[in-house]
Amino acid sequence: MNSADKRAQRPAVIRQTRNSRSAQQLNEGLDPGLEKRKKNPDLARDQDLSQRIVCGPASEAKLSQASPAAFRPTSAPKRPPVAKGCSGLASVAQLMRLGRCKNVVVVAGAGISTASGIPDFRTPGTGLYANLDAYNIPYPEAVFNVDYFSDNPQPFFSLAKALYPGSHRPNFIHYFIRTLHHKGLLLRMYTQNIDGLEKACGIPDDKLVEAHGSFATASCHLCYTPYPPEEAKHAIMNDGVPACTFCAATVKPDVVFFGEDLPQKYFLHTKDFPKADLLIIMGTSLQIEPFASLVNTVRSTVPRLLLNRHAVGQFERIPLRRGDHVELGDLENTVRAFAEMLGWKDEVEELMKRQEQEVCSS
Ligand code: CNA
């Protein structure tokens, strides 16, 4: 059976692909600025940021076109930090203490794992996009471009070596989310992260949607034949290239690349978001679709709390949507403050200490 037959035999499913507009254009060969960006990586980064925003909801696109500088990593946030004493955090903590939030949806990105020592994408200086020289690629997103991978898997494999689960441990933020689950308040966590730290801290599988896949499984990037994940890891960690046992094409961990389908579990969002009574958005720049638009699908009366270093997406707007709250600053400090307001700090710390000790002693 050839790979086309194999693809035809896959069950009919609803498909949603991971996208940024720039990646889409590159896949379609419609990217007139590519040559210029190859010569000037700074221009590449700035263009990628602004193009990606345009692929969000139309209203957001309008906003970003009017003020593209707001999305540049080096510019100061437009929104001043919220004054102490009347912060969004305190308002939401009060709602939670009153028992008004029993179906909490958490949407997270790379910013929840920087405290575990894993760089995010876009933080200037430390983010992976600022440190890609060593990978010798024409533009940052190439590392997650499936066509580029087909020709040259090495840049992704080099990055994978750093990101493979095992060398990093969950931090207070992950354990805070697990505590939400312990208290019966977590409807679901939607993460863009591929580091596996949500599972490592004990958030159960049925409460977790890893929207951009993970390293837990691996398969052929062409015919999708599954491949033993431990063997793939062994090959990649030893600078080898795992090859498909069926068609000999390169195997990759099932991390979702630009243009690839999101896992079927992602579609739980159609049930979860309308049911949510609180949305917490943490550590994401909300630049990757379709994930970024999820935050617009809760009911209009539902409070949304953004915890991040700077305002992103619709949260840059002033005034905010009624029920929107923003708390800016270092995420671990913010989440510690949140836990304290809820009276959960000791519990989270205890849970974290116990589990991390168990891991150390096993
Ligand atoms: P991003 O675009 O790099 O954005 C991260 C956001 O978090 C930025 O707005 C940062 O300002 C913010 N942030 C970072 N550290 C902190 C901190 N300590 N305190 C407060 N805010 C902070 O990453 P996104 O997740 O939005 O982009 C989606 C990509 C990133 C996904 O496809 C992931 O697969 C990919 N990624 C994942 C990991 C991981 O698994 N840990 C690491 C790097 C990239």
Side-chain angles (χ1 to χ4, degrees), residues 17-20 23 45 48-49 52-53 56 70-77 79 81 89 106-132 140-141 143-145 156 159-160 162-174 190-201 208-216 253-260 262-263 266 281-295 306-313 315-316 326-338:
T17 56
R18 174 184 173 179
N19 253 322
S20 73
R45 192 184 56 231
D48 283 330
L49 287 173
R52 194 175 277 120
I53 290 146
F71 291 86
R72 302 233 166 97
T74 46
S75 65
R79 172 176 299 284
L89 207 56
V106 174
V107 161
I112 71 167
S113 293
T114 53
S116 295
I118 305 175
D120 66 358
F121 271 175
R122 293 181 179 81
T123 292
T126 56
L128 290 169
Y129 282 179
N131 292 289
L132 283 172
E141 281 82 357
V143 81
F144 289 111
N145 181 301
F156 172 70
L159 186 62
L163 283 178
Y164 249 113
S167 41
H168 301 277
R169 290 302 305 162
N171 60 58
F172 188 92
I173 305 162
H174 297 96
Y190 287 76
T191 184
Q192 297 168 93
N193 292 349
I194 51 179
D195 55 32
L197 294 187
E198 296 86 358
K199 275 188 187 148
C201 86
L208 183 64
V209 174
E210 293 174 313
H212 291 167
S214 76
F215 288 93
D254 290 332
V255 168
V256 180
F257 278 27
F258 292 121
E260 288 194 315
L262 269 61
Y266 173 77
I281 304 157
M282 324 169 121
T284 172
S285 58
L286 292 180
Q287 300 260 356
I288 306 278
E289 293 294 355
F291 198 90
S293 296
L294 274 186
V295 304
L306 172 75
L307 310 178
N308 208 39
R309 208 188 299 282
H310 55 267
V312 290
F315 293 84
E316 283 203 307
V326 177
E327 189 75 25
L328 304 179
D330 177 75
L331 196 51
E332 195 177 15
N333 291 342
T334 306
V335 172
R336 278 183 189 278
F338 197 23

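For ligands, and for the atoms within them, numbers begin at 1 and follow the listed sequence. Just so it is clear, the structure is predicted and the values come from calculations on it, not from any experiment.
Contact record, Glu198 with Ile112: OE2-CD1, 4.0 Å, taken as the closest heavy-atom pair. Taking each heavy atom of Gln287 and Ala292 in turn, the nearest pair found is N-CB, 4.3 Å.
Near Ser113, meaning under 4.0 Å from any of its heavy atoms, are these atoms of ligand 1: 41 (N). Here is the list of ligand 1 atoms found below 4.0 Å of a heavy atom in Gly109: 25 (O). Of all atoms in ligand 1, listed by their number and element, those nearer than 4.0 Å to a heavy atom of Asp330 are 17 (C), 18 (N), 19 (N). Taking every non-hydrogen atom of Ile118 and a distance limit under 4.0 Å, the qualifying atoms of ligand 1 come out as 41 (N). Residue Leu128 approaches ligand 1 through these ligand atoms, each under 4.0 Å from one of its heavy atoms: 43 (C). Near Thr123, meaning under 4.0 Å from any of its heavy atoms, are these atoms of ligand 1: 10 (C), 14 (C). Under a 4.0 Å criterion applied to the non-hydrogen atoms of Gly283, ligand 1 contributes the atoms 5 (C), 6 (C), 7 (O).
Residue contacts with ligand 1 for Arg122 involve both N, CA, C or O and side-chain atoms from C-beta outward (heavy atoms, distance under 4.0 Å). Residue-level proximity to ligand 1 for Glu332 is absent, since no heavy atom of it falls below 4.0 angstrom.
Every residue two or more places apart in sequence or in another chain that forms a side-chain contact (heavy atoms from CB on, under 4.5 Å) with Ala115 is listed here: Asn171, Glu332. Scored by the side-chain hydrogen bond (donor to acceptor under 3.5 Å, both in side chains) test, Asn308 finds no partners at all (sequence neighbours excluded).
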Q. Do Asn193 and Glu210 pass the side-chain contact (heavy atoms from CB on, under 4.5 Å) test, and can you show the C-alpha distance, the side-chain angles, and the key distance before you say yes or no?
A. CA-CA 7 Å; Asn193 292 349; Glu210 293 174 313; over 6 Å; no
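With atom 29 (C) of ligand 1 as the reference point, the heavy atom nearest to it among Phe215, Phe121, Phe291 is part of Phe121. Residue Ser285 holds the heavy atom nearest to atom 1 (P) of ligand 1 of all those in Pro165, Gly111, Ser285, Gly213. Of the candidates Val255, Ile194, Thr284, Asp120, Ile194 brings a heavy atom nearest to atom 40 (O) of ligand 1.
Under a 3.5 Å cut-off, the side chain of Ser214 and the backbone N or O of Gly196 do not form any donor-acceptor pair.
In terms of polar-atom proximity, Val312 is not counted as a contact of ligand 1, lacking any N or O under 3.5 Å from an N or O of the ligand. Considering backbone and side-chain atoms alike, Leu163 places every N or O at 3.5 Å or more from each N or O of ligand 1. Note: no N/O pair closer than 3.5 Å links Ile288 and ligand 1 by distance alone.
Residue Ala115 places every heavy atom at 4.0 Å or more from ligand 1. Residue contact check for ligand 1: Pro119 places a non-hydrogen atom closer than 4.0 Å to it. Using a 4.0 angstrom heavy-atom cutoff, Gln287 does not count as in contact with ligand 1. The shortest separation from a heavy atom of Gly329 to ligand 1 is under 4.0 Å, placing the residue in contact.
Between Phe144 and Phe121, the ring-plane angle classifies as tilted under the 30° and 60° cut-offs. Ring pair Tyr266/Tyr190 is perpendicular by interplanar angle, where above 60° counts as perpendicular and below 30° as parallel.
A distance of 8.0 Å separates NE2 in His168 from CG in Asp195, rounded to the nearest 0.5 Å.
Using a 4.5 Å cut-off on side-chain heavy atoms (C-beta onward), Leu306 and Val312 make contact. For the pair Leu331/Arg309, no side-chain contact is recorded, criterion being any heavy-atom separation below 4.5 Å from C-beta on. Looking at heavy atoms from C-beta onward, Met282 lies in side-chain contact with Val106 at the 4.5 angstrom threshold.
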